[in-house]
Amino acid sequence: YLENVKNMASGELQAAESRYETQKGITRTLQCEILELYSKLERAAPPEKPATAE
Amino acid sequence: YLENVKNMASGELQAAESRYETQKGITRTLQCEILELYSKLERAAPPEKPATAE
Amino acid sequence: MAEDPQRNFRSHYYEKVGFRGVEEKKSLEILLKDDPLDVEKLCTFAQRYPLPSMYRLLVWKVLLGILPPHYESHSTVATFRKEQYQDLLQALQVIRFVQDSTPQVWVYLRMYQLESGTLPRRPSHSLEPEDVVFIAIAEAMEEMVENDVDAYWLVKCFVNQFNNKYGDSVPHLPKSLEHYLNLEDSKLLIHLKTSLAMSKLPYDLWFMHCFAGCLPETSVQRVWDKIISGSCKILVFVALEILLTFKMKLMAMNKAENIAQFLQNVSVTHHNAALLCW
């Protein structure tokens with residue numbers, strides 16, 4: 001019975017872990033996207049005179 | 001002892017839960033940042049004629 | 001299993017008249033009353049019999065580890081699975097990899113790529129061969145499963161399990177097919193070899209797409225029952241069955257290209273009853 005309780009907990013814990021790992025992957029992807037957007041933005045509107053770029 | 005195992009399991013699950021929530025908070029912040037960068041980028045380089053915006 | 005000729009005759013008879021699986025369904029129901037579920041027994045069952053369609057989704061999810069063996073955990077775990085799905089979807093929308101117009105199987109592909117760290121830098125990036133396989137499996141799964149969250153998890157776990165478990169065997173399956181064809185019908189094998197068709201058979205469709213989009217849905221489900229429960233040999237036997245079923249037509253063709261083309265399109269043109277009855 002004890003084994004049973006342990007196994008049950010481990011099933012839930014694994015699912016929680018997978019959800020967390022995915023969230024970490026999402027964070028990583030979003031960070032890359034941000035860097036890319038910044039570099040695009042700099043190319044589109046050079047930081048020296050951002051007002052005149054429009 | 002059984003009670004102990006159960007408590008431990010629920011403790012671990014809570015810890016996983018809180019790690020997940022933290023990570024999700026980070027994701028939320030990054031998502032806002034991305035949305036903002038996109039809108040800046042669109043103002044800087046309107047999608048209609050991105051080549052002439054520079 | 002006790003071999004009672006009377007009973008076997010009856011089962012056989014049921015099969016013929018369309019009551020196939022009455023007894024199988026009962027014995028599966030007994031297995032499903034176990035709590036926790038005995039995954040090994042469920043595998044053994046699925047290896048022997050096609051799963052009754054009303055229990056297929058549950059059994060697949062348990063065998064693929066999407067749901068744990070304990071019923072008590074099912075709702076908690078299902079919630080986690082759903083959240084994970086939504087997290088992925090939302091992130092992809094924010095970075096504009098997924099839009100309202102994106103076909104559902106593409107959404108699944110992007111989610112899978114994001115999870116496995118293989119998301120390309122741009123959505124327009126061309127597809128890798130493994131993406132093509134993923135899409136084929138996803139298209140078939142989408143037809144079988146109504147709920148998007150379930151469909152995504154099933155595709156993802158199916159593909160992962162397939163690669164982990166059978167990735168090393170897949171390259172050997174054509175050889176294995178040749179071996180069995182030689183035993184069953186050496187004439188046909190010789191014909192396919194002399195016309196140089198043996199190397200051009202639609203192996204990708206058979207052994208990587210696992211017959212997705214090639215056979216009628218009910219047949220694909222039965223093939224996948226076996227794959228999910230632990231054996232990829234079924235792929236060879238179904239391919240063999242296809243070759244034997246169309247022997248006459250194949251024997252009449254001499255060009256490898258024609259043979260390959262014919263077999264590639266078997267699905268569209270022939271829903272041959274023989275393919276449903278193995």
Side-chain angles (χ1 to χ4, degrees), chain A, chain C residues 34-40 61-98 108 110-125 149-150 152-153 156-157 160-161:
Chain A
Y1 180 68
L2 180 66
E3 214 38 49
N4 202 358
V5 172
K6 275 191 191 167
N7 285 339
M8 193 167 95
S10 106
E12 292 178 22
L13 207 56
Q14 270 175 31
E17 196 64 32
S18 143
R19 190 181 54 152
Y20 168 68
E21 286 299 331
T22 294
Q23 195 61 249
K24 253 169 62 174
I26 291 173
T27 307
R28 234 173 289 131
T29 307
L30 297 183
Q31 282 168 341
C32 290
E33 177 82 3
I34 287 176
L35 292 181
E36 203 177 307
L37 286 176
Y38 266 118
S39 83
K40 269 191 197 165
L41 196 59
E42 265 161 35
R43 266 178 286 139
E48 297 85 51
K49 31 182 183 169
T52 61
E54 286 185 55
Chain C
D34 282 344
D35 191 6
L37 291 161
D38 188 328
V39 175
E40 222 164 286
K61 282 190 192 171
V62 172
L63 295 187
L64 288 170
I66 298 164
L67 285 177
H70 294 78
Y71 279 109
E72 208 185 316
S73 299
H74 280 196
S75 70
T76 307
V77 170
T79 309
F80 290 164
R81 303 307 194 199
K82 193 174 174 190
E83 281 172 344
Q84 192 168 329
Y85 176 95
Q86 285 165 341
D87 291 345
L88 287 164
L89 182 60
Q90 198 187 19
L92 288 165
Q93 285 165 341
V94 169
I95 59 173
R96 303 188 177 182
F97 263 75
V98 164
Y108 298 151
R110 296 313 187 191
M111 293 169 87
Y112 181 72
Q113 289 175 325
L114 176 46
E115 277 201 283
S116 50
T118 56
L119 194 68
R121 288 182 67 90
R122 282 167 219 293
S124 54
H125 203 277
V149 178
D150 285 344
Y152 172 66
W153 275 92
K156 166 182 142 170
C157 294
N160 280 344
Q161 193 214 48

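So that the names make sense, note that chain A is the first sequence line, chain B the second, and so on, each numbered from 1.
- Taking CH2 of W153(C) as the start and CE of M111(C) as the end, the distance is 9.0 Å to the nearest 0.5 Å.
- Using a 4.5 Å cut-off between heavy atoms, I95(C) contacts chain A through both its backbone and its side chain.
- Contact of R96(C) with chain A is not made at all, since no heavy-atom distance falls under 4.5 Å.
- To the nearest 0.5 Å, atom CD of residue E115(C) and atom CD of residue Q23(A) are 11.0 Å apart.
- D150(C) CG to K82(C) NZ: the interatomic distance, rounded to the nearest 0.5 Å, is 10.5 Å.
- The closest donor-acceptor contact from the side chain of S18(A) to the backbone of Q14(A) lies at 3.5 Å or more, if one exists at all.
- S73(C) and M8(A) get closest at one heavy-atom pair: OG-CG, 3.0 Å.
- Proximity of K6(A) to S10(A): side-chain heavy atoms (C-beta onward) are nowhere separated by under 4.5 Å.
- When the candidates N4(A), N7(A), L30(A) are compared by the number of heavy-atom contacts under 4.5 Å with chain C, N4(A) comes out ahead.
- The shortest non-hydrogen separation linking P120(C) to R110(C) is CG-NH1, 3.6 Å.
- Counting non-hydrogen atoms of other residues, nucleotides and ligands closer than 6.0 Å to CD of Q86(C) gives a total above 12.
- Scanning residues 31-40 of chain A against chain C with a 4.5 Å heavy-atom cutoff picks out E33(A), E36(A), K40(A), ordered by number.
- L88(C) places a side-chain heavy atom less than 4.5 Å from the side chain of Y152(C).
- Contact of the R81(C) side chain with the Y85(C) side chain is not registered, since no non-hydrogen atoms from C-beta on lie closer than 4.5 Å.
- Only the side chain of T76(C) comes within less than 4.5 Å of a heavy atom of chain A; its backbone N, CA, C and O stay farther away.
- The shortest heavy-atom contact between F80(C) and A15(A) is CD1-CB, 3.7 Å.
- Within residues 61-71 of chain C, the residues having any heavy atom less than 4.5 Å from a heavy atom of chain A are, in residue-number order, P68(C), H70(C).
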